[in-house]
Enquirer: 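If you scroll down you'll find the structure; I have some questions about it.
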Amino acid sequence: MHYHAFDHYHAQESRIHHLDPRVKVLLTIGFILSNALLPDGSWLAFAAAWLLLLWANDQTRLGLGYTFRRSFVALPFAIAAVSAIFSPLGQPLAEWNLGFITLIPTDFGVVRFFSILARSWLSVQMAILLVATTQFPDLIHAFEHLKTPRTLTTIIAFLYRYLFVLTDEAYRLLRARSARSAGLPGKHRGGSLFWRAKVTGSMAGQLFLRSYERSDRIYNAMLARGYSGHIRTLNPHTMQRSDWLMLILSVLLLLFIQIIGWYR
Amino acid sequence: MLLSPTHLHIPDGFLSLVVSLIFWAATVIMVGLAISKTNKTLGEKQIPLMGVMAAFIFAAQMLNFPVAGGTSGHFLGGALAAIVLGPWAGILVMTAVVAVQGLLFQDGGLLVMGANIFNMGILTAVIGFGLYRTVSSAKKGLRLTVSGIAAWLATMAAALLASLQLWISGTSRLEIVVPAMLGVHVLIGIGEAIITVAALAFIEQTRPDLLTSEKTASSGGRSWIIAGVVVSMIAVLISPLASASPDGLERVAADFGFLDAGQGAAYQILPDYTIPFLGETALSTVFAGAVGAFILMGLLILLGRSLRRKSVTSEH
Amino acid sequence: MPVKHKTTYPLTLPDCEGDILQIHELNFAYPDGHIALRDVSLNLCSGDKVALVGPNGAGKSTLMLHINGILRGEGDVAVSGLPISDENLPVIRALVGVVFQNPDDQLFSPTVFDDVAFGPLHMGLPENEIHQRVDEALAAVQMQGFGERLSHHLSMGQKKRIAIATVLSMQPQILVLDEPSAGLDPRARRALIHLLRDLPQTMLISTHDLRMVQELFPRMVIMDEGHIVADGKATELLTDAALLETHGLEI
Amino acid sequence: MPVKHKTTYPLTLPDCEGDILQIHELNFAYPDGHIALRDVSLNLCSGDKVALVGPNGAGKSTLMLHINGILRGEGDVAVSGLPISDENLPVIRALVGVVFQNPDDQLFSPTVFDDVAFGPLHMGLPENEIHQRVDEALAAVQMQGFGERLSHHLSMGQKKRIAIATVLSMQPQILVLDEPSAGLDPRARRALIHLLRDLPQTMLISTHDLRMVQELFPRMVIMDEGHIVADGKATELLTDAALLETHGLEI
Ligand SMILES: Nc1ncnc2c1ncn2[C@@H]1O[C@H](COP(=O)(O)OP(=O)(O)OP(=O)(O)O)[C@@H](O)[C@H]1O
Ligand SMILES: Nc1ncnc2c1ncn2[C@@H]1O[C@H](COP(=O)(O)OP(=O)(O)OP(=O)(O)O)[C@@H](O)[C@H]1O
Ligand SMILES: [Mg+2]
Ligand SMILES: [Mg+2]
């Protein structure tokens with residue numbers, strides 16, 4: 001039972017797929033940073049950023065719908081920003097009397113709200129592109145070569161590897177529980193809420209213990225293969241000329257977007 | 001949204017750059033400390049352990065059980081990780097978890113990841129471990145009770161800090177976001193507490209050696225207690241203040257003189273981006289919130305230093 | 001040794017239309033599009049003991065998960081005349097006891113007692129009956145007195161027995177066991193064979209252990225690539241070397 | 001089938017004093033006080049292929065973990081004349097390749113390449129040699145071209161092969177495999193037997209699969225309750241019904 005659902009990588013032959021993962025990571029972060037730096041209401045700049053995104057999307061050959069479909073993961077959080085519409089800074093646009101409370105949307109508030117949405121929506125799509133075009137192990141290598149502490153990247157590599165093993169295990173525990181969650185006609189079934197919670201907690205404990213003991217065995221496996229407290233890796237990536245070109249080009253585009261945003 | 005599993009994972013775009021960077025700084029410092037601490041005191045064996053434990057936190061999030069009304073418990077795991085693995089390892093584990101949630105699943109943004117790690121990994125470890133440590137040599141019943149309370153409080157504190165960050169960033173109104181987030185997390189926190197307690201009870205029953213105070217003692221006793229209790233107190237004090245009288249927070253900040261002292265300077269250092277749309281009052285709130293974060297950071301750094309001294313002396 | 005018990009066990013197939021389990025043209029694909037079952041039809045009669053064999057990935061486990069509705073494919077599955085549907089599910093789970101291949105997948109409670117009592121508790125039985133059923137189930141697998149032990153600290157063979165007890169305590173009419181003998185040492189495997197021979201329930205057991213089939217099962221079903229490719233008397237199928245060879249089996 | 005290869009394989013024991021592995025009166029107790037090894041003595045000669053059998057809990061895995069110093073008991077263990085000690089450990093780990101029973105414990109890197117390269121990398125080999133060794137090891141288990149695959153997307157049998165490749169790439173002199181055939185279907189098991197027969201290394205393999213022993217191993221060691229209770233020609237020990245019976249084994 002494999003949980004493929006976790007892998008968002010889409011194998012495809014494209015220029016973006018072949019780009020050095022370091023470049024992709026830097027550009028994604030640069031893009032998100034650029035969105036954060038744009039002032040509220042710089043619609044033209046947001047539109048330019050969107051064009052850049054569409055272009056990148058097109059290059060990946062995933063189909064324009066791909067990021068779009070998945071881009072709504074962050075949307076539910078927009079509710080947190082709704083209250084920005086009623087910011088006291090700015091001119092009132094209307095007055096909604098709901099009986100117990102009076103809401104006054106302001107021009108400033110509305111601009112702010114939609115700016116937050118635009119930033120978030122653009123940023124999340126770029127992050128989606130990144131993982132769709134980069135195998136996760138390559139992503140880890142990229143962070144490693146961008147000087148993320150080795151301890152952390154190693155933990156993340158283990159996390160990724162055992163994510164599949166342990167979610168399978170969790171899934172099988174759930175399956176075992178539901179297989180025996182029987183009932184008889186005319187009898188209350190399922191026991192008390194407290195009992196159900198306790199069972200679930202035991203399952204968490206069970207899973208914990210298995211994970212813990214497994215880590216012991218893995219450590220032994222590492223020792224057996226010469227591990228001595230220091231993880232080494234080969235660098236499977238080299239920056240090509242095309243990688244540098246892409247990096248420089250994109251940074252220029254991002255600067256251009258900033259100029260549009262601030263001096264429109 | 002507040003009921004969705006992403007309730008605490010703030011996406012990109014929702015926090016201002018200042019807030020994002022401040023919390024990145026705090027997170028980087030804490031994670032750096034955690035790395036050097038775990039390398040020094042716990043040894044190489046910890047790396048696979050922390051990796052597998054991080055995967056465990058993920059997997060445990062799949063185990064939910066039906067609570068009333070169709071919501072189901074969603075497990076954060078920060079307190080549990082800190083209690084069982086010790087606070088430093090707990091922080092690293094949660095950092096890996098939040099990083100992968102953001103990178104792989106877009107569950108939480110990248111620029112705001114510092115804040116997400118701080119809320120869900122560092123704050124929960126300080127509260128979870130700090131409170132647990134006050135009773136770590138007590139009887140089983142008391143220990144389990146306290147760890148349940150700690151898990152609940154850690155969830156509440158994470159929700160509170162996330163709301164404050166949203167407010168300071170000018171994304172949400174304080175009087176709306178705080179009660180909404182806290183209200184929802186009262187329930188979610190109970191799920192967290194139940195799973196934490198039941199999991200600890202299970203471990204206690206099957207492998208009591210994993211919970212012996214020998215390991216926890218080596219990761220620093222009193223300073224964690226102080227940090228845990230102080231941070232919990234701050235959270236407990238701020239919550240009613242923020243939800244009952246939203247102006248209260250700002251007044252407190254003004255009374256302490258943070259506002260006057262901070263305003264002018266900040267104006268010059270950061271002239272551009274908060275000001276065009278937030279104005280003076282909002283900027284001052286940035287400080288009110290940041291001060292909380294800094295107090296916390298300072299405490300933790302002091303703590304780290306005292307720990308380091310201790311471990312150096314114990315090496316001889 | 002292997003032939004010792006043959007005479008004590010009826011090696012004829014019961015003659016019925018499948019009164020306890022009917023599977024009719026079942027098809028199933030996993031969410032990733034992988035087709036795991038193709039037009040599977042299978043009938044079981046009360047008291048039948050049927051072995052399900054086939055190479056890794058043939059679809060045996062997938063088929064077994066359909067019998068108590070954990071997976072739901074296209075086609076008809078009925079247990080004791082009840083078609084699988086949401087409202088029948090609790091009753092069907094009381095009728096069908098599934099034991100997974102790995103006992104670690106089966107046991108999720110801290111103590112043996114908790115685990116064996118889970119099914120009866122969930123069915124809402126009264127407390128004294130729960131205790132009685134747990135005792136009986138543990139006795140059936142010769143694990144009396146293990147109630148307070150931690151499942152986690154048992155040996156593999158002991159865990160396997162407890163896993164079987166967790167479904168026996170529910171007194172199901174059909175036992176569905178997924179590779180119960182894998183990983184057991186020869187002695188534990190022998191004990192398992194004795195246990196299965198002595199249990200009266202209808203059984204469907206998947207295994208790679210064709211010598212166990214030879215010894216224990218009158219009827220055998222061979223699966224490969226999602227199809228049922230043979231269904232008949234074990235004694236006959238096991239002598240068909242060409243058939244076994246084609247499906248990667250050997251005795 | 002089982003006798004097919006007997007003639008191609010020398011079923012005589014090499015005649016030596018144990019030039020590659022010497023274990024002398026080894027005793028070991030786990031921290032909880034459980035005594036797992038009692039006065040174990042065992043010598044292996046270059047090219048020996050030795051099966052280690054015995055019931056669950058006999059101490060087979062424990063013994064194997066002593067051979068590359070993961071566990072350290074009381075008594076003498078020497079590999080290629082080097083006694084196990086902290087300074088010899090890196091060399092000994094390069095000499096002895098251990099494959100654990102569960103491939104998920106063995107494969108800890110995200111990709112197959114990373115995993116197979118882990119050993120050579122930590123031995124400090126130059127990059128081109130690492131690549132060459134990985135290619136060779138993958139070829140030996142017939143998994144060429146799997147380098148970029150993710151370990152968790154492989155089937156059980158494929159994982160087992162990769163697990164073996166992770167130690168082959170270190171070119172150890174002794175292969176120590178803990179129950180390599182458990183859970184494989186008959187066809188995969190057959191492929192494994194072929195692989196092991198063709199590898200030239202000295203081997204110590206624990207297994208519950210006595211028919212594999214019969215086919216593959218000239219020499220067999222039986223353990224029970226921490227003792228070595230028999231050590232000799234497999235053909236002879238496997239016909240000693242009383243001995244097998246006493247230690248819960250059967251063929
Ligand atoms: N969760 C899943 N998602 C996608 N495909 C799956 C899943 N589980 C199993 N499969 C595939 O379905 C097919 C049937 O799998 P199944 O587990 O039923 O085989 P099996 O006969 O039980 O094999 P084994 O002898 O190894 O237990 C296999 O090809 C397998 O790869
Ligand atoms: N970590 C441990 N702590 C305590 N006792 C242990 C531990 N690991 C194994 N044992 C005990 O040591 C004995 C030998 O265990 P070992 O794993 O070596 O058996 P084995 O021969 O490999 O069995 P199997 O065939 O089941 O793999 C067993 O009785 C077991 O219960
Ligand atoms: Mg199966
Ligand atoms: Mg073993």
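Keep in mind that the numbers below use all heavy atoms, side chains included, and drop hydrogens, waters and symmetry copies.
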Enquirer: Go through the atoms of Phe100(C) and report whether side chain, backbone, both or neither lie under 4.5 Å from a heavy atom of chain A.
Expert: side chain
Enquirer: Most heavy-atom pairs under 4.5 angstrom with chain A, which of Val99(C), Leu107(C), Leu89(C)?
Expert: Leu107(C)
Enquirer: In terms of heavy-atom pairs under 4.5 Å, which option from Arg93(C), Met170(C), Gln106(C) contacts chain A the most?
Expert: Arg93(C)
Enquirer: For this output row, return yes or no: ring centroids of Tyr30(C) and Phe28(C) closer than 6.0 angstrom.
Expert: yes
Enquirer: Who wins among Leu95(C), Ile92(C), Asp104(C), Leu125(C) for the most heavy-atom pairs under 4.5 Å with chain A?
Expert: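 Maximum pair count with chain A is reached by Asp104(C).
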Enquirer: Output the option from Val96(C), Val167(C), Ile70(C) having the highest count of non-hydrogen pairs under 4.5 Å with chain A.
Expert: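 Of the options given, most contacts go to Ile70(C).
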Enquirer: Against chain A, label Asn68(C) side chain, backbone, both or neither, depending on which of its atoms sit under 4.5 Å from a heavy atom there.
Expert: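 Just the side chain, heavy atoms under 4.5 Å.
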Enquirer: Let me confirm one number: the CD1-OG1 distance from Ile140(A) to Thr134(A), rounded to the nearest 0.5 Å.
Expert: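 Ile140(A) CD1 to Thr134(A) OG1: 12.0 Å, rounded to 0.5 Å.
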Enquirer: Salt-bridged, Arg133(C) to Glu129(C), with N to O below 4.0 Å?
Expert: yes
Enquirer: Got a salt bridge between Lys24(A) and Asp138(A), using NZ or NE/NH1/NH2 to carboxylate O under 4.0 Å?
Expert: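 A salt bridge is absent here (no side-chain N lies under 4.0 Å from a carboxylate O).
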Enquirer: Taking side chain as everything from C-beta outward and backbone as N, CA, C, O, which of these in Ser151(C) sits under 4.5 Å from a heavy atom of chain A? Side chain, backbone, both or neither.
Expert: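 Neither part.
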Enquirer: Please classify the contact of Glu169(A) with chain C as side chain, backbone, both or neither, using a heavy-atom distance under 4.5 Å.
Expert: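 When you check distances to chain C, no heavy atom of Glu169(A) falls under 4.5 Å.
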Enquirer: Could you note down all residue pairs passing salt bridge (charged side-chain N to carboxylate O under 4.0 Å, His left out) where residues 67-85 of chain C supplies at least one of them, sequence neighbours left out?
Expert: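 Counting only pairs at least two positions apart or across chains, the salt bridge (charged side-chain N to carboxylate O under 4.0 Å, His left out) contacts touching residues 67-85 of chain C are Arg72(C)-Asp86(C).
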Enquirer: Give a yes or no on whether the backbone of Phe108(C) and the side-chain of Asp115(C) come within a donor-acceptor separation of less than 3.5 Å.
Expert: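 Pair found, side chain donor or acceptor close to backbone of Phe108(C).
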